[in-house]
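Heads up: the structure comes next, in structure tokens.
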Amino acid sequence: MTEQTIQETQQIPQDQWLAFFDHLTKSYKGCSLAIEVTDEDVGDENLVQQSPLASIT
């Protein structure tokens, strides 16, 4: 499997969140993901490395 990164930022209207995240979950379920939080005051923090996606709610 090739590594994919999100390269574009898009704003999803709140009334479309449910449909968007349902589609995202179905499209990427089981794919490996990483979650990094960035904060100017605290710095970067890796929360998850190479974990399979179960769902986004």
Side-chain angles (χ1 to χ4, degrees):
M1 180 177 290
T2 61
E3 182 177 322
Q4 294 180 325
T5 58
I6 297 173
Q7 297 184 14
E8 181 180 314
T9 300
Q10 55 181 293
Q11 186 169 356
I12 310 299
Q14 188 171 357
D15 65 336
Q16 296 176 19
W17 286 359
L18 182 59
F20 176 81
F21 287 116
D22 281 348
H23 175 74
L24 193 70
T25 296
K26 289 176 186 174
S27 297
Y28 293 98
K29 188 170 188 168
C31 291
S32 182
L33 63 90
I35 299 174
E36 178 181 10
V37 176
T38 59
D39 184 288
E40 290 181 12
D41 297 326
V42 179
D44 298 350
E45 182 177 345
N46 293 318
L47 299 180
V48 175
Q49 290 287 327
Q50 297 185 357
S51 180
L53 175 66
S55 68
I56 299 176
T57 57

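Just so it is clear, the structure is predicted and the values come from calculations on it, not from any experiment. Reckoned from all heavy atoms, side chains included, excluding hydrogens, waters and symmetry mates.
The side-chain heavy atoms of L24 and D22, taken from C-beta on, include no pair separated by under 4.5 Å.
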Throw together a table of side-chain donor-acceptor distances under 3.5 angstrom for residues 44-54, partners on residues two or more places apart or in other chains.
none

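For the atom pair CZ of F20 and CD of Q10, the computed distance is 5.0 Å after rounding to the nearest 0.5 Å. Summarising the geometry, atom CG belonging to L33 is positioned 12.0 Å from atom OH belonging to Y28; distances are rounded to the nearest 0.5 Å.
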